[in-house]
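So the structure is just underneath, and the comments pick up after that.
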Amino acid sequence: MKYHQIDRQLYIKNRAKFTAQMKPNSVAVFNSNDIYPVSADSTLPFAQHRDILYLSGVDQEESILLLFPDAPYEQQREILFLKETSEHIAVWEGEKLTKDRAFEVSGIKTVYWLTDFHKILNEMMTYCDTIYINTNEHYRAVVETETREARFVKWWKEKYPAHQVAKSNPILQRIRSIKESEELDLIQNACDITEKGFRRLLSFVKPNVMEYEIEAELIHEFVRNRSRGFAYTPIIASGKNANVLHYIENNQQCQAGDLILLDVAAEYANYSSDLSRTIPVSGHYSERQKAVYNAVLRVKNEATKMLVPGAFWKQYHAEVGKLMTSELLGLGLIDKADVQNENPEWPAYKKYFMHGTSHHMGLDTHDYGLLHEPIKANMVFTVEPGIYIPAEGFGIRLEDNVVVQESGEPFNLMRNIPIEIEEIESLMN
C-alpha cells in the first residue's frame with residue numbers, strides 16, 4: 001500500500017458500531033475480495049472488499065473477519081483469519097500481514113491462519129443461533145461474477161441449515177454512510193490530491209492536446225502523492241464527447257474553442273473523491289459557454305444548501321429539478337409550454353440534465369446509504385448538476401464533495417479547487 005497507516009482506533013469504533021446492532025447470540029462473517037484473472041497468468045490489481053476493510057483495516061487478499069460479541073470466551077469475540085505468510089511468499093509477492101502486524105493494523109488480538117477457519121467456525125456455530133451473511137444490496141449494484149463472499153454464503157447455507165440467517169448489509173448501509181472524523185480526513189486527503197492534479201492541468205491544456213495526455217498528467221500527479229490512482233474510470237470528454245455521460249475512451253484531440261468536461265478524481269487509502277470541472281481548450285470561454293456554465297454553477301450552489309439533516313434524497317432531487325427548469329428557461333433551451341406539457345415521470349428539464357444531482361461518497365465512489373431514510377450529519381455527498389447540449393456541441397458538469405453539518409450549509413471538501421470562470425481563465429493564461 002502507498003498510503004500511511006491508519007489509526008486502528010477507527011476500525012475498533014467501526015466494529016463496535018456494527019456489533020451493537022447485531023441480534024443476541026449471533027456471528028457475522030466478512031470475506032476479502034478475490035484476485036480476478038484476466039487470462040494466462042495475468043490478474044487485475046487487487047482491490048479489497050470495502051466491508052472487511054471498513055471493519056478491520058486489513059487490505060489483503062484471502063482474509064476473513066469473524067465477529068461474535070456474545071461468544072462465551074473473550075478471545076472468540078473478534079477473530080481475523082489470514083493467509084499464512086512465509087519467506088517464500090515474501091520473496092515472490094512481498095510482505096504480507098503477520099499476526100502481530102495484523103493486530104497493529106486492526107486492533108484485533110485473536111489472529112489465526114486461514115487453514116484454521118473451518119475448524120474454528122464449526123465451534124462458533126455450536127454456540128450461536130444466527131449468522132449474518134454479507135450480500136451486496138447497493139441500489140446501483142449489478143453483480144455477474146460470483147464473489148468470494150457469495151461462494152462462502154452458498155457453502156455456509158448447505159453446511160449449517162439449522163441456523164437463522166440475518167443480513168449485514170442494512171447495518172453497514174447505515175453506519176458506513178455516516179463518517180467518522182478520521183474518514184473525513186482521508187476523503188479530504190483524496191480531494192487535496194485531486195486538487196493538485198487539476199491545477200497541474202490548467203497550465204497544460206491547449207489546443208490539439210489529446211485527451212489521453214490529460215489523463216497521463218493526472219495519474220502522474222495522483223501517484224506521486226501516495227494515491228493508488230483514479231478513484232473511478234476517468235472521463236476526459238472534449239467537445240461533443242461531453243454529451244456521452246460515461247465517455248471513457250479519452251482518445252480524441254481537443255480542438256480550439258471547445259470545452260473539456262473532466263470527471264476525474266483520486267483515491268487515497270481506498271477512500272474516494274469525485275470531481276467534475278469543465279474547462280476551455282483555448283483558455284477562454286465563449287459568451288454562450290459562460291452563460292451555460294454559470295447556470296450550472298448556480299444550480300450547484302443552491303442544491304448544496306439543501307443537503308441538511310432531515311432532508312430526503314427523493315424530495316431533494318425534485319427541488320433541484322425546479323432550479324434547473326428555471327435556468328433552462330433562462331437559457332432558451334426549453335419554454336413554458338414544454339414545462340406545462342411535461343411528463344411528470346420525465347420532466348422537461350431532463351432533456352438537458354438527465355442524471356441525478358447527488359450520491360453518497362466514501363469508501364466507494366457511489367457509497368453506502370439508504371435513500372429512503374433522512375439525510376444525517378457527517379454524510380458525504382457529491383453535488384453534480386450538468387447541462388448537455390448536443391446541438392451546440394458541448395456539455396458542462398460541475399461537481400464538488402460536501403459533508404452534511406449538524407446545522408448550517410454543508411462543508412465543501414473541494415473548496416480550494418478552482419471553479420469560478422475568472423479563476424480558471426486566469427490560471428490557464
Side-chain angles (χ1 to χ4, degrees), residues 1-5 29-66 80-102 105-106 111-119 121 134-136 138 141-156 158 211-213 215-216 218-236 246 248-251 264-272 363-365:
M1 65 187 188
K2 297 182 176 72
Y3 57 90
H4 294 289
Q5 182 172 325
V29 177
F30 302 90
N31 284 271
S32 63
N33 275 336
D34 287 315
I35 297 178
Y36 292 100
V38 178
S39 65
D41 64 345
S42 299
T43 62
L44 295 173
F46 176 68
Q48 182 60 294
H49 195 298
R50 299 305 194 242
D51 292 334
I52 190 173
L53 186 73
Y54 175 81
L55 293 167
S56 72
V58 171
D59 197 354
Q60 182 175 296
E61 72 280 4
E62 296 187 61
S63 306
I64 299 176
L65 171 65
L66 186 151
L80 266 179
F81 298 89
L82 304 174
K83 179 181 178 180
E84 186 171 3
T85 191
S86 66
E87 290 183 10
H88 176 79
I89 290 173
V91 169
W92 285 90
E93 300 179 26
E95 179 187 2
K96 300 292 182 181
L97 290 174
T98 63
K99 292 181 179 181
D100 288 342
R101 182 82 177 105
V105 168
S106 67
V111 183
Y112 291 99
W113 298 130
L114 200 56
T115 50
D116 293 324
F117 174 69
H118 289 104
K119 178 184 71 175
L121 178 66
N134 194 28
T135 52
N136 187 346
H138 190 272
V142 180
V143 181
E144 296 181 353
T145 302
E146 187 176 53
T147 63
R148 188 180 184 89
E149 199 82 87
R151 291 197 305 277
F152 168 76
V153 169
K154 184 187 296 184
W155 171 85
W156 179 86
E158 186 175 316
E211 292 167 346
Y212 56 75
E213 292 181 284
E215 184 176 345
L218 287 165
I219 195 67
H220 175 96
E221 196 65 30
F222 291 174
V223 173
R224 72 194 292 261
N225 283 282
R226 290 185 174 269
S227 169
R228 188 169 55 192
F230 291 104
Y232 50 90
T233 305
I235 296 169
I236 301 166
H246 292 111
I248 56 172
E249 284 80 2
N250 302 344
N251 62 3
V264 291
E267 69 83 52
Y268 179 76
N270 295 288
Y271 282 84
S272 292
L363 274 171
D364 288 296
T365 303

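Pairing each heavy atom of Gly229 with each of Ile219, the nearest pair is CA-CD1, 3.6 Å. The nearest pair of heavy atoms linking Pro234 to Val264 is CB-CG1, 3.6 Å. Across every non-hydrogen atom of Asn136 and Ala141, the tightest pair is OD1-CB, 3.5 Å.
With Ser227 contributing its side chain and Tyr268 its backbone, the two residues share no donor-acceptor pair below 3.5 Å. Checking side-chain atoms of Asn270 against main-chain N and O of Leu53 turns up no donor-acceptor pair under 3.5 Å. At least one donor-acceptor pair under 3.5 Å links the side chain of Asn33 to the backbone N or O of Ala47.
Every side-chain contact (heavy atoms from CB on, under 4.5 Å) that Lys154 has, sequence neighbours left out, goes to Glu146. With sequence neighbours excluded, no residue forms a salt bridge (charged side-chain N to carboxylate O under 4.0 Å, His left out) with Glu249.
With values rounded to the nearest 0.5 angstrom, Asp116 atom CG is found 9.0 Å from Leu114 atom CG. To the nearest 0.5 Å, the span separating CG on Leu80 from OG on Ser106 amounts to 4.5 Å. How far NE2 of His220 is from CG of Leu218: 11.0 Å, rounded to the nearest 0.5 Å. Atoms CD and CG, on Gln5 and Asp59 in that order, are 11.5 Å from each other to the nearest 0.5 Å. Remark: Thr365 OG1 to Glu267 CD distance equals 9.5 Å, nearest 0.5 Å. Rounding to the nearest 0.5 Å gives a distance of 11.0 Å between CG of Asn31 and CG of Asp51.
Contact check for Thr147 versus Phe152: no side-chain heavy atoms found under the 4.5 Å cut-off. In this structure, Asp34 and Arg151 have side chains that are in contact, with non-hydrogen atoms separated by less than 4.5 Å. Between Ile64 and Phe30 there is no side-chain heavy-atom pair separated by less than 4.5 Å. Using a 4.5 Å heavy-atom threshold, the side chains of Val223 and Lys2 count as touching. Annotation: side chain of Val38 is in contact with side chain of Leu44 (closest heavy-atom distance under 4.5 Å).
Within the structure, the ring-ring contact (aromatic ring centres under 6.0 Å, His included) test picks out no pair touching residues 31-59 (sequence neighbours left out).
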**Q.** Stepwise side chain to side chain contact (heavy atoms under 4.5 Å, CB included) test for Tyr3 and Arg228
**A.** CA-CA 8 Å; Tyr3 57 90; Arg228 188 169 55 192; over 6 Å; no
Exercise for review: Verify side chain to side chain contact (heavy atoms under 4.5 Å, CB included) between Leu97 and Val105, making sure each step is shown before the conclusion.
Suggested key: CA-CA 9 Å; Leu97 290 174; Val105 168; 4.2 Å; yes
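Note on ring orientation: taking the six-membered ring where Trp is involved, the planes of Tyr112 and Phe81 are parallel (angle under 30°, cut-offs 30° and 60°).
Applying side-chain hydrogen bond (donor to acceptor under 3.5 Å, both in side chains) to Glu61 and the options Lys83, Lys96, Gln48, Arg148 leaves one that passes, Lys96.
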